[in-house]
Amino acid sequence: MKIGISGINGRVGRVLKGLIVEHPDKYKDINLIVGLARHAASDLSLQVTTDVDEFLAGVDGVIDFSLPDNFVHLAEVNQQKYGKFIVSGTTGLDAAQMDKIQAIAADVPMLHAGNMSLGVNLLCALVQQTSARLGLDYDIEIEETHHRMKRDAPSGTALMLGRAAAAGRDAEHDDVAVYGRNGADAQRQTGEIGYAVKRGGGVIGAHEVSFYGMSEELTLSHNALDRSLFAEGAIFAARWLKDKPAAGLYSMRDALEI
Ligand SMILES: NC(=O)c1ccc[n+]([C@@H]2O[C@H](COP(=O)([O-])OP(=O)(O)OC[C@H]3O[C@@H](n4cnc5c(N)ncnc54)[C@H](OP(=O)(O)O)[C@@H]3O)[C@@H](O)[C@H]2O)c1
């Protein structure tokens with residue numbers, strides 16, 4: 001399949017390109033033909049463009065790790081003119097942008113995931129199960145750490161975990177989420193799902209979901225050790241999505257069937 005990478009000059013985009021180019025045997029079904037960037041600089045091996053039409057015209061599908069504005073614009077142009085499948089790992093979309101993606105996916109097959117790794121998606125399933133079993137006697141707190149360059153907070157992965165925890169309790173995530181605590185009147189309320197965010201250095205991504213009871217604590221955690229984890233997950237998702245004839249917004253849990 002002919003693939004384009006949106007955000008090809010980014011941290012994940014570069015790893016994704018390297019993986020495909022350096023392992024032709026493992027990825028012989030993937031033909032990387034074009035990259036989309038803000039500052040285009042083609043090399044001998046690959047055409048890199050800043051033009052979304054040029055980017056979309058020749059591909060079967062797209063893998064996107066960029067920024068929310070670019071992801072939404074790419075999806076809009078694709079819906080209007082091209083109808084190619086899109087796998088996106090871009091995080092930090094606001095509610096209006098997420099609504100747009102949801103509407104576009106009524107016409108186009110799309111997979112959007114705050115985290116493409118098998119381990120994190122398994123962790124989501126475990127968090128949902130644990131939250132359902134332990135109930136409101138256990139306070140749920142989510143802590144995440146990322147590198148100093150990360151823009152959005154909390155991370156898309158932390159939010160995925162929080163939504164899984166809320167779903168386990170049949171709660172509306174946005175009604176119970178608390179983002180950081182500060183000040184004289186910050187006491188925890190029953191049912192809250194609290195988020196704590198740390199930023200620094202080169203940490204690729206570390207997440208912990210803790211369930212605090214009065215006589216025991218349970219913590220489920222995941223550490224990303226290498227960005228190829230996300231790149232490999234995105235290729236897995238692209239292989240799965242290309243055979244999906246139906247439009248729709250799919251998740252990594254759909255692709256992994258967990
Ligand atoms: N789902 C997952 O598993 C997962 C894992 C890791 C990261 N992420 C998310 O993936 C996204 C990218 O992460 P990253 O660490 O690779 O970030 P990054 O290093 O900042 O890369 C983002 C890239 O997007 C490109 N870009 C931005 N606006 C663009 C536009 N209008 N047109 C074309 N290209 C544009 C930038 O291009 P220029 O370099 O040309 O400016 C940049 O190279 C973030 O949202 C991050 O949270 C998701």
Side-chain angles (χ1 to χ4, degrees), residues 1-91 93 97-98 100-116 227-252 254-256:
M1 74 182 130
K2 289 188 212 146
I3 285 290
I5 298 176
S6 158
I8 191 130
N9 292 334
R11 275 174 289 266
V12 181
R14 285 196 305 268
V15 171
L16 190 50
K17 177 188 169 192
L19 210 60
I20 295 169
V21 171
E22 286 158 27
H23 301 90
D25 287 348
K26 194 170 172 192
Y27 302 111
K28 53 176 169 279
D29 59 320
I30 309 283
N31 184 6
L32 173 60
I33 61 165
V34 63
L36 180 69
R38 241 184 320 211
H39 312 287
S42 302
D43 58 35
L44 287 177
S45 61
L46 189 68
Q47 177 201 4
V48 177
T49 179
T50 58
D51 183 319
V52 172
D53 284 284
E54 193 179 3
F55 175 69
L56 285 167
V59 299
D60 298 317
V62 165
I63 299 178
D64 165 74
F65 285 92
S66 61
L67 287 178
D69 285 349
N70 179 59
F71 170 38
V72 173
H73 177 60
L74 180 70
E76 281 170 341
V77 176
N78 184 50
Q79 177 199 29
Q80 287 154 14
K81 299 195 212 167
Y82 300 99
K84 312 292 173 71
F85 72 80
I86 298 184
V87 170
S88 177
T90 297
T91 63
L93 281 73
Q97 288 172 319
M98 219 35 246
K100 261 191 200 159
I101 293 299
Q102 195 92 44
I104 290 170
D107 297 331
V108 183
M110 296 180 72
L111 186 150
H112 183 236
N115 194 303
M116 299 274 177
R227 284 193 178 83
S228 61
L229 176 74
F230 309 129
E232 277 167 6
I235 292 171
F236 177 90
R239 283 174 170 153
W240 180 82
L241 196 61
K242 89 168 185 344
D243 295 327
K244 281 264 158 268
L249 186 57
Y250 300 96
S251 72
M252 207 59 194
D254 295 324
L256 293 164

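When reading the values below, keep in mind they use all heavy atoms of this one structure, side chains included, and skip hydrogens, waters and symmetry mates.
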(request) Determine, step by step, whether Val48 and His39 satisfy the side-chain contact (heavy atoms from CB on, under 4.5 Å) criterion, reporting the C-alpha distance in whole Å, the side-chain angles of both residues, the deciding distance to 0.1 Å, and the verdict. (result) CA-CA 9 Å; Val48 177; His39 312 287; over 6 Å; no
(message) Checking Phe230 against Val15 for the side-chain contact (heavy atoms from CB on, under 4.5 Å) test, could you report, in this order, the C-alpha distance in whole Å, the side-chain angles of both residues, the deciding distance, and whether it holds?
(response) CA-CA 9 Å; Phe230 309 129; Val15 171; over 6 Å; no
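Pairs engaging residues 237-250 under the side chain to side chain donor-acceptor pair (under 3.5 Å) rule: Asp29-Arg239 [sequence neighbours left out]. For residues 78-89, every residue pair satisfying the salt bridge (Lys or Arg N to Asp or Glu O under 4.0 Å) rule, not counting sequence neighbours, is listed here: Asp53-Lys81.
Nearest heavy-atom pair across Gly7 and Ser66 is CA-CB, 4.2 Å. Among all heavy-atom pairs drawn from Leu67 and Arg38, the shortest one is CD1-NH1, 3.9 Å. For Met252 against Ala237, the heavy-atom pair with the smallest separation is SD-CB, 4.0 Å. Residue Ala75 comes nearest to Ile101 through the heavy atom pair CB-CD1, 3.8 Å, listed as atom of the first residue, atom of the second, then distance.
A search for side chain to side chain contact (heavy atoms under 4.5 Å, CB included) contacts involving Glu54 returns Gln47, Thr49, Asp51, not counting sequence neighbours. Applying the side chain to side chain donor-acceptor pair (under 3.5 Å) rule to Asn115 yields the partners Ser117, Thr157; only residues at least two apart in sequence or on another chain are considered. Judged as a salt bridge (charged side-chain N to carboxylate O under 4.0 Å, His left out), and not counting sequence neighbours, the contacts of Lys100 are Glu76. In terms of the side chain to side chain donor-acceptor pair (under 3.5 Å) criterion, residue partners of Thr91 (sequence neighbours excluded) are, by chain and number, Asp152. Thr50 meets the side chain to side chain donor-acceptor pair (under 3.5 Å) test with no other residue; sequence neighbours excluded. Phe55 meets the ring pair (Phe, Tyr, Trp, His ring centres under 6.0 Å) test with no other residue; sequence neighbours excluded. For Phe236, there are no ring pair (Phe, Tyr, Trp, His ring centres under 6.0 Å) partners, not counting sequence neighbours. Every residue meeting the salt bridge (charged side-chain N to carboxylate O under 4.0 Å, His left out) condition with Lys26, not counting sequence neighbours, appears here in chain and number order: Glu232. Under the salt bridge (charged side-chain N to carboxylate O under 4.0 Å, His left out) criterion, Arg11 pairs with no residue at all, not counting sequence neighbours.
With hydrogens and angles ignored, the 3.5 Å screen pairs no side-chain donor or acceptor of His73 with any backbone N or O of Asp69.
Interatomic distance, Leu241 CG to Asp254 CG, rounded to the nearest 0.5 Å: 10.0 Å. Note: Arg14 CZ to Phe65 CZ = 13.5 Å, rounded to the nearest 0.5 Å. Interatomic distance, CG of Asn78 versus CD1 of Ile104, reported as 8.5 Å (0.5 Å rounding). Ile3 contributes atom CD1, which lies 9.0 Å from atom CD1 of Ile33 (distance to the nearest 0.5 angstrom). For the atom pair OG (Ser88) and CG (Leu93), the distance works out to 7.0 Å, reported to the nearest 0.5 Å.
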Please list every donor-acceptor pair under 3.5 Å in which a side-chain atom of residues 106-113 meets a protein atom from a residue at least two apart or in another chain.
unit_1: Asp107; atom_1: OD2; unit_2: Gln79; atom_2: NE2; d: 2.7
unit_1: His112; atom_1: NE2; unit_2: Thr90; atom_2: O; d: 2.6

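The only member of Ile63, Leu46, Leu16, Val59 that meets side-chain contact (heavy atoms from CB on, under 4.5 Å) when paired with Leu32 is Leu46. Exactly one residue among Ile30, Val34, Asn31 makes a side-chain contact (heavy atoms from CB on, under 4.5 Å) with Lys2. That residue is Asn31.
When side chains are defined from C-beta on, Asp64 counts as touching Asn70, because their heavy atoms get closer than 4.5 Å. Here the side chains of Leu36 and Leu74 are in contact, with some heavy-atom distance below 4.5 Å.
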